[in-house]
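Worksheet: the structure to be examined is printed underneath.
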Amino acid sequence: MGHPHIEKLDPKTHTMTLSLDIGLYPADVLYAAAYVFLDRAYVLLDRAGPRYEVHLRGKGELTEAQLTAMSGEFENELLAQALRRKVVKANQKIIEDITSQAIAGAAGGTLPTDFLAAGDDGMDFLDDPLGIAVPWEDKFKKKKDA
Amino acid sequence: MSHVKHQSVKLHRTLYMQQAVKDAATTFADFASFTIKRDGDYYAVDVKDIDPDVDGDVVAEFCNFALANTAGRKKTKKA
């Protein structure tokens, strides 16, 4: 059986055991899903051959329906964590690039004073060697006169 | 209400990190004494002298801490 299934469920002791295929769920997905449940259940992980066993015991009293619902939530959490892992893996390069850009920006960008520090070429701000500041009319007039 | 003074728990070595289990034992050292031994594929943890005044399941909380510590350590190791 590939998907998770309830191995044992005992409402008297508020316990339940889930069995998962090792090949379907990597260990870090199992840890992440189990971590989410630590605040409302006692979680014990175990291995039985090619399957993980997840023993859950409610911190409060749980009915059979609540225990079944909890097992469904655990399975959902496994899928959510597996997808999360896949998305992170696919976008690893983008995440790294954005992070390194953010760190580089925080380390200090180019300041206006950096331009002042550059070598002085001896030119005044009114000098216009490329003729950029010459009005269009003057240029046109010259052409027409010539 | 009766209090169990001695309990033992087995944690699979492929799923729980030794240092994570030790750290959890240190965390709960004020409430019980812990002995961690290797037993085949498992860490066998003997929990003795459990403080009867503690409101809660010391061993189960210890297991949750061992799991949380392992998950945290594995995550840090990967990053």
Side-chain angles (χ1 to χ4, degrees), chain A residues 10 13-23 25-62 70 74 77-78 80-82 84-86 88-89 91-93 95-96 99-100 103, chain B residues 1-4 6-28 31-32 34 36-47 50-51 54-79:
Chain A
D10 187 2
T13 53
H14 326 296
T15 57
M16 169 181 62
T17 301
L18 277 171
S19 176
L20 321 168
D21 194 320
I22 285 177
Y25 299 99
D28 48 351
V29 167
L30 179 65
Y31 287 128
Y35 193 87
V36 172
F37 282 76
L38 289 181
D39 64 329
R40 55 192 172 122
Y42 295 116
V43 186
L44 184 71
L45 303 181
D46 200 0
R47 256 184 95 156
R51 298 187 76 85
Y52 290 124
E53 280 187 346
V54 183
H55 302 278
L56 292 163
R57 176 156 63 93
K59 285 190 177 180
E61 288 186 9
L62 294 173
M70 192 189 254
F74 194 89
E77 194 59 44
L78 282 169
Q81 294 295 342
R84 191 166 176 262
R85 184 177 183 263
K86 206 175 178 182
V88 169
K89 222 174 181 181
N91 297 326
Q92 191 70 40
K93 182 82 178 73
I95 293 167
E96 281 172 10
T99 310
S100 55
I103 291 168
Chain B
M1 194 173 154
S2 64
H3 295 285
V4 182
H6 175 242
Q7 282 186 56
S8 60
V9 65
K10 282 186 165 189
L11 306 173
H12 205 282
R13 289 204 292 128
T14 59
L15 293 166
Y16 291 85
M17 291 172 81
Q18 189 178 29
Q19 195 53 50
V21 177
K22 281 182 181 173
D23 288 349
T26 309
T27 305
F28 285 88
F31 308 110
F34 296 84
I36 303 160
K37 285 179 197 163
R38 275 192 181 195
D39 182 9
D41 289 339
Y42 290 88
Y43 292 118
V45 185
D46 275 328
V47 191
I50 301 169
D51 188 341
V54 175
D55 184 23
D57 190 331
V58 173
V59 178
E61 288 288 357
F62 160 79
C63 291
N64 268 10
F65 266 67
L67 178 59
N69 290 344
T70 302
R73 280 179 169 271
K74 294 248 180 187
K75 207 175 174 186
T76 315
K77 222 175 179 183
K78 238 182 174 183

Does any heavy atom of chain A fall under 4.5 Å from the side chain of Tyr42(B), the backbone, both, or neither of them? side chain
How long is the straight-line distance from OH of Tyr16(B) back to OH of Tyr31(A), given to the nearest 0.5 Å? 8.0 Å
Need one label for Asp57(B): side chain, backbone, both or neither, based on atoms under 4.5 Å from any heavy atom in chain A. both
Contact origin within Phe37(A) toward chain B - heavy atom pairs under 4.5 Å: neither
Taking atom CZ of Arg84(A) as the centre, report whether more than 12 heavy atoms of other residues, nucleotides or ligands fall under 6.0 Å from it. no
Please classify the contact of Thr14(B) with chain A as side chain, backbone, both or neither, using a heavy-atom distance under 4.5 Å. both
Taking side chain as C-beta onward, heavy atoms only, is Leu44(A) less than 4.5 Å from Leu11(B)? yes
Please determine whether the number of non-hydrogen atoms from other residues, nucleotides or ligands lying under 6.0 Å from atom OH of Tyr35(A) exceeds 12. no
Surrounding CD of Gln92(A) (heavy atoms of other residues, nucleotides or ligands, distance under 6.0 Å), is the total greater than 12? yes
Could you walk me through whether Arg47(A) and Leu15(B) pass the side-chain contact (heavy atoms from CB on, under 4.5 Å) check? CA-CA 8 Å; Arg47(A) 256 184 95 156; Leu15(B) 293 166; 4.1 Å; yes
With only heavy atoms counted, which part of Ala41(A) is less than 4.5 Å from chain B, the side chain, the backbone, both or neither? backbone
